[in-house]
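Written out below as structure tokens is the structure these notes cover.
Excluded from the calculations below are hydrogen atoms, water molecules and symmetry mates; all remaining heavy atoms, backbone and side chain alike, are included. Counting starts at 1 for both ligands and their atoms, following the listed order.
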Amino acid sequence: MLFRASAVALACVLRASPAAADPLHRGGVVASAYPEASRAALEMLDRGGNAVDAAVAAAFAAGVVGPYHNGIGGGGFALVYLAGARTTLALDFREVAPAGASRDMYVREGQVVGQLATDGALSVAVPAATQGYLALLARAGTLPPETVLAPALRLARGGFQVTPKYQALARLRVDCLRGSADAARLFLRPGPDGLPAVPALGTVIRQPELARTLERIAREGARAVTAGAVALAIERTVQGAGGILSAEDLARYRVRWREPLRGSYRDHAVVTFPPPTAGGVAVLQVLGMLEQLRPAGLERRGVEDLHLYLEALRRAYVDRARWLGDPDFTALPLERLLSPDHLAELARTIDPKRATPSAALSAGGPSEPPAGRTAAQPAATHTTHLSVLDRAGNAVALTTTLNYAFGSCLVVPGTGILLNDQMDDFAAAPMRPNVYGVVTGEANAIAPGKTPLSSMAPTLVFQKVHPGRVLLAVGSPGGSTIPTTVLQVLINVLDARMDLVRAVGAGRVHEQWLPDQVVVDQQSLEPATRAALEARGHTFRIVDALGDAEAVMEDEETGLRTAASDPRGEGAALGQDGPPAR
Ligand code: DON
């Protein structure tokens, strides 16, 4: 306990946030998982940039200081609300499978070898974060790339300090990181036995090669990494280590502007991300079921209502497993999945007094996943989210990831680029759990050029009285638990009327059909509540922390803004002051 307290205190010193005591702001607000990234966003806002400039600066900076979560070797999704045009844009810059990928590429002697999809060269999907960030900037930003990339460059050159979170994730991946000479050199330090080991707290991690790559990106645009020497270096590194990613895959990749998913809850419009993430569908399905089951609102932490919430989640994850995948490869029945009739049908199967055993619900395949990875860590947080709202009311919710901690652990020599392991989000075999224990089916089978199904769920909620203004921008890491984190922040604000800081900090509860267990934050449920749910047939697993929500909000009445960075993480919520927002 003492160690934990002192580690947290040290983290505060290392990453002292300039956040003022007053959490209400009149100007722009930002929340991200790293103080350095939040400061980068604020710097852009202070220079007169908009929410997109701020979000892109934060995303590039986040990739430098949070290599265990994200970076230009990864990909993600962004929602952008343009207040003047009253339009929401949705950018999909998620990685896709290389052209050389095949359905059974992780099967050896009839068995899936899961580690091939999470560690090393074969786990790497086509990285797309650079293209994504620059596409956002080109379409809706106002500042030049050199300005927006400047904070990331400074951080890559000057370095950042190792925090408790860095250490925990490096510990998880130390063997994987030792497998790449450049990864070990950059992210580990020699231990007492001479082997690369987890660095001490406060160690400064400098990334001069990455700084040079960022400089080239600022000068040449995305071509700096999708063509020429860097693309060839990526190909050489991956293929030299037994992978399939090619320079041609990088050159061929295109980001996709998608139609956002739209729904509503308690008369607030909710806009979230469509497939190839399953996150937004789950958010809207659960909200839809809950609204039908509890038209007057949910009782926060009431046993009856928690039970309904868990059962609604269980059903949403069955639909996910059965139907969802890359919409560019499979026709998805989205309209039906989100229709009030379908949600009513699902809600009708909920027994208000008893948990439905997961085995009784079928996604059209074997209802229990084959043994092997059911002991996965659905609660780990290796992704990152950032939310920004600017003075003019433009907003960004951006979730980005390398997938598992430190991605594939493969660093491309001379470039500082740490590559993702996003291939693990495919179904290596139908209904086989991935590293988050989540199962998917045929629609998520591996194919060349296809996007693996995600759980990420950047989400915007709009105001009731001023429907052209964003009330809340929110998102989280957490693999399969992402939709549940987003849902609970939203429900805490809209049903329980909690202020944003409390809504983000409150305990969380998660269920994902398989494995058949409820995952809860430590201290999130009173013992009596848990016992009452156990009596209804729910079984529990307690984890340290669920999710790392990063959210910003505008008060409907006053127009004052708040930002909240999850107390489970090491992030920072910052805001501008000055003249009123409206
Ligand atoms: O796209 C996804 O859903 C995953 N690759 C996200 C990974 C993640 O959130 C890791 N944190 N636990």
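- Listed by number with element, the atoms of ligand 1 under 4.0 angstrom from any heavy atom of Ser455 are 1 (O), 2 (C), 3 (O).
- Considering only non-hydrogen atoms, atom 8 (C) of ligand 1 lies nearest to Thr383 out of Asn420, Thr383, Thr451, Thr485.
- Residue contacts with ligand 1, taken as heavy atom pairs separated by less than 4.0 Å, involve Ile482 solely via side-chain atoms from C-beta onward.
- Counting only N and O atoms by type, the side chains of Glu570 and Tyr166 include no donor and acceptor under 3.5 Å apart.
- In summary, the side chains of Thr277 and Arg94 do not present any donor paired with an acceptor at a separation below 3.5 Å, with no hydrogens or angles considered.
- Gln517 and Thr539 are not linked by any side-chain donor-acceptor pair at a separation below 3.5 angstrom, with hydrogens and angles left out of the test.
- Ligand 1 places these atoms under 4.0 Å from at least one heavy atom of Met456: 1 (O), 3 (O).
- A salt bridge is defined here as a Lys NZ or Arg NE, NH1 or NH2 lying under 4.0 Å from an Asp or Glu carboxylate O, and Arg322 with Asp319 fails to meet this definition.
- Where the criterion is an N or O separation shorter than 3.5 Å, residue side chain and backbone included, Gly479 meets it with respect to ligand 1.
- A ring-centre distance under 6.0 Å is found for Tyr133 and Phe93.
- Legend: salt bridge (charged side-chain N to carboxylate O under 4.0 Å, His left out) pairs involving residues 433-446, not counting sequence neighbours, sorted by first then second residue: Arg103-Glu442.
- Atoms of ligand 1 lying under 4.0 Å from any heavy atom of Gly478, numbered from 1 in the order shown and given with element: 9 (O), 11 (N), 12 (N).
- Residues Ser38 and Ser32 bring a donor and an acceptor atom of their side chains to less than 3.5 Å of each other.
- The closest approach between Tyr436 and ligand 1 falls below 4.0 Å for a heavy atom of the residue.
- Within the 4.0 Å heavy-atom cutoff, His69 does not count among the residues contacting ligand 1.
- An N or O contact shorter than 3.5 Å is missing between Thr401 and ligand 1 by distance.
- Thr440 pairs with exactly one of Leu453, Leu324, Asp425 by the side chain to side chain contact (heavy atoms under 4.5 Å, CB included) rule, that one being Leu453.
- Contacts between Asp425 and ligand 1 below 4.0 angstrom, taking non-hydrogen atoms only, involve the side chain exclusively.
- Taking every heavy atom of Asn403 and a limit of under 4.0 angstrom, the matching atoms of ligand 1 come to 4 (C), 5 (N), 7 (C), 10 (C).
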